[in-house]
Amino acid sequence: MRMIPSGLHRVLDFATVIAFAAAPLLFHLTGTAAILAYLLAGVHLVLTLLTRFVNGGNGVVPLAVHGMIELVVGIVLVVLPFVLGWSGIARGFFLAAGVVILAVWALSIYDARAGAPA
């Protein structure tokens, strides 16, 4: 059941940016894990700023495309720690981030018409 409207999703996107940007400091991520966290913060920020949210700006990325990108990112984040052989906090952080992104994806309304003024 999709219940997160695009306005709330946009707020959650900015929270995701902050989480990725803060993760290396908070969880003492180093090397590839830290670089990936900073890179994901930047990419997620750009995607969020460029997305055409309902009542949230005139971005160039359709909301449905934003959703598809998040689905792919969520899946990759769940698989990546195992492919790279990470353990400990790096594995836990990226696995949890992927699960959260997938949960938000599953609960978000990506139909650009939903919530639009009649």
Side-chain angles (χ1 to χ4, degrees):
M1 174 179 197
R2 297 196 180 253
M3 61 181 89
I4 298 175
S6 73
L8 175 56
H9 184 100
R10 189 171 193 230
V11 171
L12 294 173
D13 278 345
F14 286 118
T16 300
V17 169
I18 292 167
F20 278 123
L25 296 173
L26 292 175
F27 302 115
H28 307 287
L29 300 178
T30 60
T32 303
I35 292 168
L36 183 59
Y38 289 131
L39 182 64
L40 284 167
V43 168
H44 210 89
L45 177 62
V46 170
L47 177 62
T48 300
L49 293 174
L50 292 177
T51 296
R52 191 177 325 122
F53 287 96
V54 176
N55 299 326
N58 297 319
V60 295
V61 177
L63 191 55
V65 172
H66 177 107
M68 293 304 290
I69 292 169
E70 286 186 336
L71 173 61
V72 170
V73 168
I75 292 168
V76 168
L77 289 178
V78 167
V79 173
L80 189 68
F82 300 100
V83 170
L84 295 179
W86 289 347
S87 61
I89 196 71
R91 177 187 282 182
F93 173 75
F94 285 99
L95 182 60
V99 168
V100 169
I101 288 172
L102 289 173
V104 170
W105 173 83
L107 295 172
S108 291
I109 302 167
Y110 289 104
D111 183 351
R113 296 168 297 184

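- Only one option out of R2, E70, H9 pairs with S108 in a side-chain hydrogen bond (donor to acceptor under 3.5 Å, both in side chains); it is H9.
- Distance CG/L25 to OH/Y38: 4.0 Å, rounded to 0.5 Å.
- The CG atom of L63 lies 8.5 Å from the CG atom of D111; values are rounded to the nearest 0.5 Å.
- T48 contributes atom OG1, which lies 10.0 Å from atom CG of L12 (distance to the nearest 0.5 angstrom).
- Annotation: the span from L40 atom CG to I101 atom CD1 amounts to 7.5 Å, rounded to 0.5 Å.
- Note on ring orientation: taking the six-membered ring where Trp is involved, the planes of F20 and F93 are perpendicular (angle over 60°, cut-offs 30° and 60°).
- Considering CD1 of I109 and CG of L8, their distance stands at 9.5 Å, rounded to 0.5 Å.
- Note: the hydrophobic cluster containing V11 does not contain L45 (ILVMFWY, side chain heavy atoms under 4.5 Å, direct or indirect links).
- V46 and L77 fall within a single hydrophobic cluster, where Ile, Leu, Val, Met, Phe, Trp and Tyr side chains are chained together by heavy-atom contacts under 4.5 Å.
- The same ILVMFWY cluster, assembled from side-chain heavy atoms under 4.5 Å apart, contains both F27 and L36.
- Ring geometry for W86 versus F94: interplanar angle of 30 to 60°, hence tilted.
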Exercise. List the steps, then state whether side-chain contact (heavy atoms from CB on, under 4.5 Å) holds for L102 with L71.
Key: CA-CA 6 Å; L102 289 173; L71 173 61; 3.8 Å; yes
Practice problem: Could you give me the CA-CA distance, side-chain angles and deciding distance for V73 and V43, then say whether side-chain contact (heavy atoms from CB on, under 4.5 Å) is met? | Solution: CA-CA 11 Å; V73 168; V43 168; over 6 Å; no
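- Separation of atoms OG1 (T51) and CG (N58) is listed at 12.5 Å; rounding is to 0.5 Å.
- Of all non-hydrogen atoms in P62 and V60, the two that sit nearest each other are CD-O, 3.4 Å.
- V104 and V65 fall into different hydrophobic clusters, where Ile, Leu, Val, Met, Phe, Trp and Tyr side chains are chained together by heavy-atom contacts under 4.5 Å.
- Within the 4.5 Å cutoff, no side-chain heavy atoms of M68 are placed close to those of Y110.
- By the 30° and 60° cut-offs, the orientation of the rings of F53 relative to H66 is perpendicular.
- Residues D13 and V17 form no side-chain contact, since every pair of their non-hydrogen atoms from C-beta on lies 4.5 Å or further apart.
- Cluster membership check: L95 does not share its hydrophobic cluster with V76, using side-chain heavy-atom separations under 4.5 Å among Ile, Leu, Val, Met, Phe, Trp and Tyr.
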